[in-house]
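Worksheet for the structure shown next.
Side chains included, hydrogens not; waters and symmetry mates left out as well; all remaining heavy atoms used.
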Amino acid sequence: MRAARAPPHWPALLLFCLCGLWVQGCAGTLPNHAEDQALPTAQEYRSENGVVSAVLEAREDTVKIGAVSIDAMTYNGSYAGPVIRVRPGELIRVHLINHLREATNIHFHGYQGSPKGHSDNMHVVVDPGQSFDYELRVPLTQPPGLYWFHSHLHGDAERQVMRGLSGTWIVEGLADQLPPIRGLAERLLVFKEDRLETSNEPFVNQVLHRYIRSISGNLSTGFTMRPGETQLWRIANEGADQPVRLVLQDHTFRIIARDGAATTHEIDTGELRIDPGGRVEVLIDAGPPGRYELSSPGVYTGTGKVRRLGEVEVLGIPEAPSPQLTQFPAVEDLRLRPAASTRTLAMTENPAEGEFYLDGKLFDHRRIDTRVPLGAIEEWLIRNDSDEYHSFHIHQVSFQVVEINDVPVPFDGRRDTVEVPVRGSIRIRLAFTDPLIVGEFMYHCHVLEHEDRGMMANIEVYDARGPGQEICTTGR
Ligand SMILES: [Cu+2]
C-alpha cells in the first residue's frame, strides 16, 4: 500500500465518443449460444458470526463471454464478479491480493461508513505483488439493497472496470422493510461492458462492433417464470461509461429500490434506464405463457436500434402475483430542512486535450476542493456545461434530487448516482449528518473515462466541535 496516489499518468487510450459507440454498438441480433442460457452461479460470500470474509485476487485472465474471448482482469477469475452478502452492523473483511502488473484498489460504491484507514479509503493504492486488508463496518443505518465494488484507481479506473474488476455487495433486509417481497424468487443481473480494440471474429466485428455488453458474464441470458409469478430482479450497471436501458417485452418493471435504497413508493415503468454505477431493484409479474424478449434499446442513436439480451419463457403452473406494495420505509424529504450552504458545480471539458473538469479544475488528490462541517444539509446545483453525457456520483452519502433542468422533481427517495442532462442541470440535497463519514472522500462523474481524465474532486467533512462531541444525526 502507498499512502497516497502519485499524480496520474494518462493512459494512452483513444478518446472515445459515447455517441459513436452507441451508433456502432447496438445494431443486430445476437445468435443463441447454448452456453448463454443460464446465469452462472456467482461466487458468494456470506457472513458468519457478524463477519463476512473474502479473499479477492485481482489478476489477468482470458475469459469467455458467450463465444467471445477477452483479455480480462478479474477478481478470482470471475468476469461477472463475486457477490458479498452482509447485514447492517456486520463487518466486511476483504483481503485484496494484487497479481496484476499494475496498481489497483477497491471502492465500495454506496457505502455510507468511514472513508478512513482500512475502510472505504480512496487514498489506498495497492501496488503489483502487494495486498491490502479492507475492513468496513456496515452502518446500522445502511439501507438494505444492492451495491457494488470496483477498482477506483484514478487514471486507470475505466480500463480496469471495463476489463472486469468489479463485484456486487448486497445488504440483506429489504424484505424486512417491504414484507410482501419476502420469499420471492430473486435474480441478480450484472451488466458490464468492454470494448475490444481488434478482433478476428466476424461475429464480434459485424454484430457486436467489438462492443461487448454482458449480462452476468454472458452475451445473453434466458430463464423461466410461471404465469403470474412475481420475481425480484436486482439489476446493477457495473459498466464503466454507458447507461443501460432495459425492456422486457409486454412487461412492466415495478421499481421498489434505487441505488440500494427503497423508494418512497412503487414506480412502474416499461423501460428501465440505469446510469453507470446505478442499481435498481424491481418486481416483475410474469404475463401469460409465452416467450418474451429482454432487450436494450440504443441510446442516443435515434435509429431505434435494439440489442437483444435474451428472453424470459413463461410456462408452468400459474401463480397469483404478489400484491401491490403500499407501505414503504419512511425517508425524510430533505427539502423540509434548511440548507446550510448552496454550492454550484460545473462539469466541463476540453475535447481537444482529452481533459474533463469539475469547476474548471482537473482532479488533484492532494487538493481538498470542498469542505463541509459535519451536520450540514447542503444544496448543490450541478451543471453540465458540455455537449455530452455525464453522471454525478458522491461517495459516503446518498442524496435527493430536487430539480432537473430547474423543474422540481417529486420526492421518491435517495440516489447515489444520477445523470446530469447535456447543457442542463440537476439540483440535489445532501445530508452530511452522520459522524461516520467524517474524513476525505470524492465526488465525480461516473462515466469513468471522464473521471480518469480529471472530472473528480475531493471533499472533506470535518467535525467543527472536535471528536467526541454530540452531533445531531437525524436527517439521513
Ligand atoms: Cu462525465
Please list, chain by chain and in numerical order, all residues satisfying side chain to side chain contact (heavy atoms under 4.5 Å, CB included) with Thr252, sequence neighbours excluded.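 With sequence neighbours excluded, Thr252 shows a side chain to side chain contact (heavy atoms under 4.5 Å, CB included) to Asp268, given in chain and number order.
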Once side chain to side chain contact (heavy atoms under 4.5 Å, CB included) is applied, do any residues pair with Ala72, and if so which ones, sequence neighbours excluded?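 Expected list: Val63, Ile70, Thr74, Tyr79.
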Contacts of [X] that satisfy side-chain hydrogen bond (donor to acceptor under 3.5 Å, both in side chains) - sequence neighbours left out:
X      : result
Gln400 : Asp333
Arg234 : Glu186, Glu281
Asp194 : none
Ser214 : none

Please list, chain by chain and in numerical order, all residues satisfying salt bridge (charged side-chain N to carboxylate O under 4.0 Å, His left out) with [X], sequence neighbours excluded.
X      : result
Glu266 : Arg254
Lys361 : Asp369
Asp385 : Arg383

Considering only distance and modelled atom types, tabulate donor-acceptor pairs under 3.5 Å from the side chains of residues 404-413, sequence neighbours left out.
residue: Asn405; atom: OD1; partner: Ser425; partner atom: N; Å: 2.9
residue: Asp412; atom: OD1; partner: Arg258; partner atom: NH2; Å: 2.8
residue: Asp412; atom: OD2; partner: Arg258; partner atom: NH2; Å: 3.4

With a 6.0 Å cut-off (strictly less than), is the heavy-atom count around CD of Gln327, excluding the residue itself, greater than 12?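 Check fails, neighbour count at 12 or below.
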Would you please name every residue forming a ring-ring contact (aromatic ring centres under 6.0 Å, His included) with His107, sequence neighbours left out?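 Partners of His107 by the ring-ring contact (aromatic ring centres under 6.0 Å, His included) criterion, ordered by chain and then number, come out as His109, His150, His152, His393, His395.
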Would you find a donor on one side and an acceptor on the other, under 3.5 Å apart, between the side chain of Asp259 and the backbone of Arg279?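 Side chain of Asp259 to backbone of Arg279: a pair is present.
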Report yes if the distance between the aromatic ring centroids of Tyr443 and Trp380 is under 6.0 Å, otherwise no.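 Here the rings of Trp380 and Tyr443 have centres that are less than 6.0 Å from each other.
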Restricting to pairs with a member in residues 260-283, which pass ring-ring contact (aromatic ring centres under 6.0 Å, His included), not counting sequence neighbours?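 Listed once each, the pairs would be none.
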Do the rings of Phe108 and Tyr134 sit parallel, tilted or perpendicular, given the 30° and 60° boundaries?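 Ring orientation, 0 to 90° scale: perpendicular.
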